[in-house]
Amino acid sequence: NNKMTSSSNSPNLSSDEFDENEIPDNALKGLLQKELELQLLIDALQTEIAQLEERITGKDKGNHEELDEKDLEEFEAPEWCVPIKANVMTFDWDSLAAETQFDVIVADPPWQLATHAPTRGVAIAYQQLPDVCIEEIPIPKLQKNGFIFIWVINNKYAKAFQLMERWGYTYVDDITWVKQTVNRRMAKGHGYYLQHAKETCLVGKKGEDPPNCRKSVGSDVIFSERRGQSQKPEELYELIEELVPDGKYLEIFGRKNNLRDYWVTVGNEL
C-alpha cells in the first residue's frame with residue numbers, strides 16, 4: 001500500500017485516488033509513473049517468491065531426507081540444442097550466416113522503456129538496448145526466405161514494424177500470449193492505464209515460404225501459465241515447429257530456460 005504526499009499539505013492519497021486530469025504538475029505525474037513501475041517490480045518478485053514456495057512445499061511433501069537432485073545438479077541443456085553464449089551486439093554473425101540460412105528467427109529484444117529505467121520488471125541479464133542498437137543486428141544476412149517472430153512491448157509496436165520493413169519483412173500475423181496463473185486465471189500485471197495480462201509477438205515474412213511450410217496451423221492466441229522472468233511460452237516454439245517442420249531455427253537474445261532441441265540460441269545468459 002504505497003502512499004504519496006503532494007507538495008501541499010493535503011492528506012496522503014494512494015495513486016488509485018488521483019485523477020490524472022486534475023494533476024497539473026508534470027513532476028507529480030512522473031512520480032506516479034515511477035510508483036507503477038515499482039509496483040511491477042513488486043509483483044514480479046512476489047511471483048518468484050510464490051514459485052519458490054511452491055517448490056519448497058512440494059519437496060516437503062516428498063521424502064524430507066532426500067534432496068531434490070535437480071536443484072543440486074547444474075543446469076543441463078537439451079541434448080540437441082545449439083547454445084551460443086555471446087554478446088549479441090559483438091557476435092560474429094557473418095560466420096554464422098555463412099554456415100547456414102535460417103527458416104525461422106525468433107527475437108525478444110530488451111526494448112528500452114520510455115522512462116529509461118535501468119531494468120524491465122525485475123533485474124534482467126540484458127541491459128536495455130536503444131533502438132539503434134537493435135536495428136543494427138544483421139538479420140538480413142541470416143535469412144533470405146522465411147519468418148521472423150518479434151516479441152514487442154506496448155510502446156515499441158511502431159518501431160517493431162519499422163524494423164521489419166528495414167530488414168525486408170512484410171507483417172503477416174501476430175500472436176497473443178494470454179498469461180494465466182497456476183489456477184488458470186488471468187495473470188494481470190500493472191500498466192499505466194490498463195492492467196496488462198498479455199504479451200504480443202509480431203510475425204513477419206520475407207521472400208518465399210521455407211521448405212515444408214504449412215498453412216492455417218495452430219492458433220494466434222496462446223493461453224499459458226506465466227513463467228519465470230522473461231521466459232516465453234513453450235507453445236510458441238511448438239507452433240513454429242508445426243508451421244515449419246524440420247526447419248532451421250534461430251533465437252536471438254535467448255535464455256537458457258528457452259533452449260530447445262534443434263534450435264540455435266544466441267544470448268549472454270546461456
Side-chain angles (χ1 to χ4, degrees), residues 36-37 39-40 43-44 47-48 51 103-114 120-122 124 126 128 131 134 139 143 146-165 167 169-206 209-210 213-245 247 249-255 257-260 263 265 267:
L36 289 174
E37 292 170 1
Q39 188 60 52
L40 281 173
D43 289 348
T47 299
E48 289 193 354
Q51 290 172 345
D103 299 315
V104 179
I105 297 175
V106 174
D108 183 18
W111 299 106
Q112 191 171 62
L113 297 175
R120 175 179 57 186
V122 300
I124 58 175
Y126 304 108
Q128 290 180 21
D131 295 344
I134 296 171
I139 298 293
Q143 186 179 67
F147 297 95
I148 190 167
F149 291 71
I150 305 178
W151 289 99
V152 63
I153 59 176
N154 280 7
N155 68 324
K156 292 297 181 180
Y157 276 85
K159 186 61 188 180
F161 284 120
Q162 290 172 9
L163 285 177
M164 277 192 183
E165 184 176 358
W167 290 335
Y169 293 88
T170 300
Y171 165 77
V172 294
D173 229 322
D174 61 77
I175 297 167
T176 299
W177 170 27
V178 179
K179 299 181 180 182
Q180 295 180 311
T181 66
V182 292
N183 298 319
R184 304 193 67 80
R185 295 182 179 179
M186 192 176 293
K188 296 180 181 179
H190 285 264
Y192 191 66
Y193 292 108
L194 304 177
Q195 290 186 331
H196 294 168
K198 67 174 179 64
E199 288 191 35
T200 299
C201 184
L202 304 179
V203 185
K205 180 176 173 290
K206 177 182 180 182
D209 288 346
C213 180
R214 296 175 177 174
K215 304 274 179 78
S216 192
V217 302
S219 170
D220 61 356
V221 179
I222 295 172
F223 293 92
S224 180
E225 185 180 329
R226 179 172 56 189
R227 292 160 166 80
Q229 176 63 21
S230 297
Q231 185 176 0
K232 301 309 182 196
E234 185 176 351
E235 289 85 349
L236 176 76
Y237 303 90
E238 294 171 350
L239 176 63
I240 289 170
E241 291 167 1
E242 183 181 2
L243 176 67
V244 185
Y249 314 113
L250 170 67
E251 181 168 15
I252 303 175
F253 296 109
R255 296 168 177 83
N257 51 22
N258 281 127
L259 289 176
R260 192 169 178 86
W263 284 67
T265 306

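Predicted, not measured: the structure shown is a model, and the values here were computed from it.
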Residues Gly146 and Tyr169: closest non-hydrogen pair is O-CE2, 4.2 Å
Got a sec, which residues hit ring pair (Phe, Tyr, Trp, His ring centres under 6.0 Å) with Tyr171, two or more places apart in sequence or on another chain? Phe161
Quick check for you: to the nearest 0.5 Å, what is the distance between Trp111 atom CH2 and Gln128 atom CD? 12.0 Å
Do you know which two heavy atoms are closest between Gly254 and Thr265, and how far apart they sit? CA-CG2, 3.6 Å
Taking atom NZ of Lys198 as the centre, does the number of heavy atoms from other residues, nucleotides or ligands within less than 6.0 Å exceed 12? yes
Shortest non-hydrogen contact from Asp209 toward Phe147: OD1-CZ, 4.5 Å
May I ask you to test the Gln143-Leu250 pair for a side-chain heavy-atom distance under 4.5 Å? no
Contact summary for Ala160 and Leu202, nearest pair of heavy atoms: CB-CD1, 3.7 Å
Correct closest heavy-atom pair for Met164 and Val203 would be CE-C, 3.6 Å
Roughly how far, to the nearest 0.5 Å, is CG of Leu239 from SG of Cys201? 9.5 Å
For the pair Arg260 and Glu234, find out whether any cationic side-chain nitrogen is under 4.0 Å from an anionic carboxylate oxygen. yes
Distance in Å, Ile222 CD1 paired with Glu238 CD, rounded so as to fall on 0.5 Å steps: 9.0 Å
Restricting to ring pair (Phe, Tyr, Trp, His ring centres under 6.0 Å), what partner residues turn up for Tyr249, sequence neighbours left out? Trp263
Student check: side-chain heavy atoms of Gln162 and Asp131 closer than 4.5 Å: no
For Phe223 and Val221, work out which heavy atoms get closest and say how close. CE1-CG1, 3.4 Å
Checking Lys232 against Trp151: charged group under 6.0 Å from the ring centre and within 45 degrees of the axis? yes
Approximate separation, where rounding is to 0.5 Å, of Met186 CE and Gln180 CD: 8.0 Å
To the nearest 0.5 Å, tell me how far Gln231 CD sits from Asn258 CG. 5.0 Å
Rounded to the nearest 0.5 Å, how far does CG of Asp103 lie from CG of Leu243? 10.0 Å
Listed once per pair and sorted, the salt bridge (Lys or Arg N to Asp or Glu O under 4.0 Å) pairs that draw on residues 169-179, sequence neighbours left out: Lys179-Glu199
Any non-hydrogen side-chain atom of Tyr193 less than 4.5 Å from a side-chain atom of Asn154? no
